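Residue indices begin at 1 and follow the sequence shown. This one's a predicted model, so the numbers in the text were calculated from it and none came from an experiment.
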Amino acid sequence: MNQLARIAVEGIFLFTPNDYQGKKIIERGRFQEIPVVFADRGLNEGFYGTIKLDEYSGVYRAIEWLITEGHEKIAFIMDNAEHYHLTERFDAYCQALKDHDLLIEEKYIKQMPLTIAGGYQGTIDLLKETDVRAIFCCDDMLAIGCYQALYDSGKKMNQDITIISFDGGEVTQILRPQIKSVRQPYEELGKAYAEKIQMAIDQPDRRMDDRLFQH
């Protein structure tokens with residue numbers, strides 16, 4: 001951020017997996033008098049409020065849909081917590097299974113890097129170790145790796161195994177067969193962030209509330 005301060009930017013979006021609380025790097029929402037708006041899933045208490053996405057509800061409904069489609073052996077490929085902690089997504093998976101009287105089994109849960117390679121290896125391990133019939137990937141990159149692993153294993157997506165991703169980026173939409181996704185409202189989020197940073201620039205001493213988006 002020092003480099004941004006040197007070129008006199010008017011505002012900073014800080015996309016971060018780190019907790020800045022108590023480090024006195026950013027005080028009253030500003031870094032060297034520059035307003036800072038956090039984009040961090042609510043990890044830090046932002047002076048100008050945070051844009052939050054209700055990830056829990058989206059994942060819960062996706063798992064519930066799989067269950068209503070007759071799936072009981074549902075795997076979950078999640079982050080390995082090296083950089084991000086996507087706990088809401090995992091909590092929703094667990095609660096959906098509990099609410100439908102299904103066991104939460106460790107063998108169906110894989111913690112992998114949020115990469116294509118991570119999704120690929122996690123899926124290969126699931127296919128070797130379990131009789132999984134549906135896989136929820138908590139990130140698009142994981143889902144693409146999962147997609148490749150199914151293809152290499154001779155499995156047919158949506159026939160042998162159903163995949164659902166989280167994010168719904170463009171790349172998951174152009175694949176055929178298409179990966180089902182809990183899609184993020186990117187356009188609405190972008191507009192909300194733009195409005196918030198503009199308000200922070202115009203009224204730097206005004207404390208703002210968080211804003212929640214639901215799927």
Side-chain angles (χ1 to χ4, degrees), residues 17 41 52-186 213-215:
R41 298 185 177 89
K52 293 182 179 179
L53 185 67
D54 181 10
E55 300 180 349
Y56 185 98
S57 295
V59 175
Y60 185 97
R61 289 198 299 271
I63 301 301
E64 192 169 50
W65 178 81
L66 287 171
I67 295 169
T68 61
E69 289 292 303
H71 295 293
E72 296 185 354
K73 298 168 182 178
I74 303 170
F76 191 85
I77 305 180
M78 62 186 294
D79 61 288
N80 60 2
E82 286 186 0
H83 299 290
Y84 291 96
H85 301 268
L86 306 178
T87 53
E88 286 189 3
R89 303 179 194 184
F90 181 63
D91 290 346
Y93 164 77
C94 293
Q95 191 62 52
L97 294 183
K98 288 180 182 178
D99 289 348
H100 290 82
D101 299 319
L102 296 176
L103 293 176
I104 300 166
E105 299 187 65
E106 187 175 344
K107 66 181 180 179
Y108 289 117
I109 301 166
K110 295 295 178 184
Q111 292 181 282
M112 307 298 296
L114 297 179
T115 62
I116 293 174
Y120 186 95
Q121 189 58 56
T123 303
I124 291 296
D125 292 344
L126 285 168
L127 295 176
K128 287 179 180 179
E129 300 165 7
T130 73
D131 52 353
V132 63
R133 296 305 304 273
I135 302 174
F136 187 94
C137 298
C138 72
D139 173 85
D140 278 349
M141 294 300 100
L142 291 175
I144 294 168
C146 179
Y147 184 100
Q148 293 178 337
L150 293 185
Y151 179 85
D152 288 350
S153 300
K155 301 288 185 182
K156 293 184 179 180
M157 193 174 80
N158 299 332
Q159 294 183 34
D160 298 321
I161 296 179
T162 300
I163 302 174
I164 298 184
S165 176
F166 189 100
D167 280 340
E170 184 177 353
V171 68
T172 63
Q173 305 305 306
I174 62 175
L175 294 170
R176 293 294 182 273
Q178 193 175 84
I179 296 176
K180 295 178 175 64
S181 240
V182 178
R183 300 190 67 184
Q184 298 216 47
Y186 290 111
F213 279 85
Q214 294 183 312
H215 285 283

**OP:** Decide side-chain contact (heavy atoms from CB on, under 4.5 Å) for Leu150 and Asp160; before the verdict, give the C-alpha distance in whole Å, the side-chain angles of both, and the deciding distance to 0.1 Å.
**Re:** CA-CA 9 Å; Leu150 293 185; Asp160 298 321; over 6 Å; no

Original post:
Which residues pass the side-chain hydrogen bond (donor to acceptor under 3.5 Å, both in side chains) test with Glu105, sequence neighbours left out?
Top reply: none

Original post:
Nearest 0.5 Å, what's the CD-CD1 distance between Gln148 and Ile124?
Top reply: 10.0 Å

Original post:
How about Asn80 and Met112: do any of their side-chain heavy atoms sit closer than 4.5 Å?
Top reply: no

**OP:** State, with a plain yes or no, whether a side-chain heavy atom of Phe136 is found less than 4.5 Å away from one of Ile163.
**Re:** no

**OP:** Look at the side chain of Thr162 and the backbone N and O of Asn158, then say whether any donor-acceptor pair between them is shorter than 3.5 Å.
**Re:** no

Original post:
Do Asp125 and Tyr120 pass the side chain to side chain donor-acceptor pair (under 3.5 Å) test, and can you show the C-alpha distance, the side-chain angles, and the key distance before you say yes or no?
Top reply: CA-CA 9 Å; Asp125 292 344; Tyr120 186 95; over 6 Å; no

Subject >> Point-to-point distance, once rounded to the nearest 0.5 Å, from SG of Cys146 to CD1 of Ile161 >> reply: 7.5 Å

Original post:
How many angstroms lie between CD in Glu88 and OG in Ser57, if you round to the nearest 0.5 Å?
Top reply: 9.0 Å

**OP:** Locate the shortest heavy-atom distance separating Ala75 from Leu126; write the atom from each residue and the value.
**Re:** CB-CD1, 3.6 Å

Subject >> Residue among Thr87, Leu142, Ile109 satisfying side-chain contact (heavy atoms from CB on, under 4.5 Å) with Met78 >> reply: Ile109

Original post:
Can you name the nearest heavy-atom pair linking Leu114 to Cys138, along with the distance?
Top reply: CD2-SG, 4.3 Å

Subject >> Euclidean distance, Leu102 CG relative to Glu72 CD, rounded to 0.5 Å >> reply: 5.5 Å

**OP:** Kindly compute the distance separating CD1 (Ile74) from CD1 (Ile104), expressed to the nearest 0.5 Å.
**Re:** 11.5 Å

Original post:
Does Phe166 have Arg89 sitting over its ring (NZ/CZ under 6.0 Å from centre, angle to axis within 45°)?
Top reply: yes

**OP:** Compare all side-chain heavy atoms of Ser181 with those of Asp140 and state whether any distance is below 4.5 angstrom.
**Re:** yes

Subject >> Polar side-chain atom of Ser153 near backbone of Lys155 as donor-acceptor pair, under 3.5 Å >> reply: no

Original post:
Which atoms form the tightest heavy-atom contact between Ser165 and Ile179, and what is the distance?
Top reply: CB-CG2, 3.9 Å

Original post:
Out of curiosity, Leu97 CG to Leu103 CG, how far, rounded to the nearest 0.5 Å?
Top reply: 9.0 Å

**OP:** Could you tell me whether Arg133 and Glu69 have a side-chain N and a carboxylate O separated by less than 4.0 Å?
**Re:** no

Original post:
Step by step, would you call Asp91 with Gln95 a side chain to side chain donor-acceptor pair (under 3.5 Å)?
Top reply: CA-CA 6 Å; Asp91 290 346; Gln95 191 62 52; over 6 Å; no

Subject >> Under 3.5 Å side-chain donor-acceptor pair for Asp152 and Tyr147 >> reply: no

Original post:
If you take all heavy atoms of Gly58 and Val182, which pair is closest and at what distance?
Top reply: O-CG2, 3.7 Å

**OP:** Return the set of residues passing ring-ring contact (aromatic ring centres under 6.0 Å, His included) with Tyr93 (not counting sequence neighbours), or none when no residue passes.
**Re:** Phe76

